[in-house]
There are 2 protein chains.
Amino acid sequence: MSRSDIQAPEADSETLPKQQRTYTIGELSRMFEVTPRTVRFYEQEGLLAPGRKGQQRIYREKDRVRLKLTLRGKRLGFSLAEIREVVMMYDAMPDGNARQLRRLLEILANKRDSLERQLEDIRLMRLEIDDVDHRAREVLRSLGQKA
Amino acid sequence: MSRSDIQAPEADSETLPKQQRTYTIGELSRMFEVTPRTVRFYEQEGLLAPGRKGQQRIYREKDRVRLKLTLRGKRLGFSLAEIREVVMMYDAMPDGNARQLRRLLEILANKRDSLERQLEDIRLMRLEIDDVDHRAREVLRSLGQKA
DNA sequence: GACGAGGTTTACGTTAACGTAAAGTGCTTG
DNA sequence: CAAGCACTTTACGTTAACGTAAACCTCGTC
């Protein structure tokens with residue numbers, strides 16, 4: 001090992017003062033089962049803002065959380081633009097002027113409404129699925145086959 | 001009014017034997033707040049199969065329900081291909097051979113899983129939103145402004 | 001019979017969210 | 001030092017889900 005004194009080696013990976021853990025793009029993408037391309041694309045879209053060591057990206061906890069939130073939003077069918085709306089304003093909060101904050105509250109209320117609608121949609125779709133399921137099983141039984 | 005005997009006029013719109021009510025593409029698209037283009041596109045993708053009177057499309061209850069289900073699926077972030085998977089097999093059921101039916105049950109189980117994951121995602125995202133909401137309100141208060 | 005309101009087909013355009021390929025950089029290991 | 005990873009930038013390609021425009025029918029109406 002000819003590494004000099006660049007930074008702490010990843011020897012002790014679990015016993016850190018909660019502040020230092022970083023990730024490479026490869027680690028992150030494996031962790032969430034996305035490609036590096038996707039991670040870079042999210043950065044380009046303003047959803048992530050990793051640091052750099054030379055030309056390499058270094059991701060911190062904050063970035064990992066953001067990525068997690070982003071992917072969760074995607075699973076719910078939100079666009080990256082919508083996700084950014086919330087995620088970024090969350091960061092812009094500390095220095096937040098009142099207008100921005102009110103705008104944020106507005107957006108949050110909208111998201112909440114959207115989620116409620118989704119809940120209802122899920123409920124209904126479940127009913128439909130159960131219905132189709134029942135019918136299918138009955139037809140199967142009428143064919144003399146067991147479930 | 002010089003319409004002859006093409007079909008029942010829409011005079012009695014509520015007292016029909018449950019069998020005859022039809023819709024034009026314009027009616028449907030207004031009803032669901034989508035463009036006619038969208039409705040035609042869904043047909044092209046195999047999600048709708050309206051009848052024809054001459055060159056005009058005529059939609060029945062069945063088509064309206066399909067459209068409703070399709071849009072619900074979209075709100076939940078499913079692709080048209082995924083939606084078609086379920087919607088079409090639902091129709092293919094009556095004549096269903098056992099293999100098709102088992103395949104359908106499989107698909108349904110997957111959808112159910114997907115919905116459960118979404119429920120969890122919604123739950124988590126709600127927590128996040130509430131959190132951000134709280135923080136924002138507190139910052140606002142610290143600025144001497146109410147809510 | 002001109003016309004306006006709806007419908008139709010055909011076809012090219014657009015946006016989001018990446019995929020994929022090429023060519024280069026930096027480290028470490030045989 | 002050659003080779004091999006893992007990372008980087010640049011840039012063009014691709015797919016889904018429509019939008020948009022043009023050009024055409026077909027009514028009932030003025």
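If you take CZ of A:Arg30 and P of D:dC7, they are 6 Å apart, rounded to a whole angstrom. Rounding to whole angstrom units, CZ of residue A:Phe78 and C1' of C:dA16 are separated by 16 Å. Between the CD atom of A:Gln56 and the C1' atom of D:dC7 there is a distance of 5 Å, rounded to whole Å. A:Lys53 places its NZ atom 12 Å from the C1' atom of C:dG26, with the value rounded to the nearest Å. For B:Arg84 and D:dA17, the CZ to C1' distance is 12 Å, given to the nearest whole Å. Atom P of nucleotide C:dT8 and atom CG of B:Leu28 are separated by 11 Å, given to the nearest angstrom. Summarising the geometry, the separation between CZ on B:Arg37 and C1' on C:dT15 is reported as 14 Å, rounded to the nearest angstrom. The CZ-P distance, from B:Arg40 to C:dT8, rounds to 5 Å in whole Å.
Checked for salt-bridge contact, A:Arg126 and A:Asp130 miss the test: no charged N lies under 4.0 Å from a carboxylate O. Ion pairing of B:Arg64 with B:Glu61 is present here, as a side-chain N (NZ or NE/NH1/NH2) and a carboxylate O approach within less than 4.0 Å. One finds no salt bridge joining A:Arg117 and A:Asp113 here, because no Lys/Arg side-chain nitrogen approaches an Asp/Glu carboxylate oxygen to under 4.0 Å.
Nearest nucleotide to the A:Ser79 side chain, out of D:dC7, C:dA17, D:dC18: C:dA17. For A:Ile25, the side-chain atoms get nearest to D:dT8 when compared with the rest of D:dC18, C:dG7, D:dT8. In this structure, of D:dC7, C:dG7, D:dC18, it is D:dC18 that holds the atom nearest to the side chain of B:Leu80.
Put simply, A:Tyr42 has no side-chain N or O that comes within less than 4.0 Å of OP1 or OP2 on C:dA17. Within the 4.0 Å cut-off from OP1 or OP2 of D:dG19, at least one side-chain nitrogen or oxygen of B:Thr38 is found. OP1 or OP2 of D:dC18 has not a single side-chain nitrogen or oxygen of B:Thr35 nearer than 4.0 Å.
Cluster membership for A:Phe41 and A:Tyr59, using ILVMFWY side-chain heavy atoms within less than 4.5 angstrom, is shared.
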Inset, instruction - Could you give me the CA-CA distance, side-chain angles and deciding distance for B:Arg60 and B:Ile58, then say whether side chain to side chain contact (heavy atoms under 4.5 Å, CB included) is met? - result: CA-CA 7 Å; B:Arg60 313 193 179 288; B:Ile58 48 183; 4.0 Å; yes
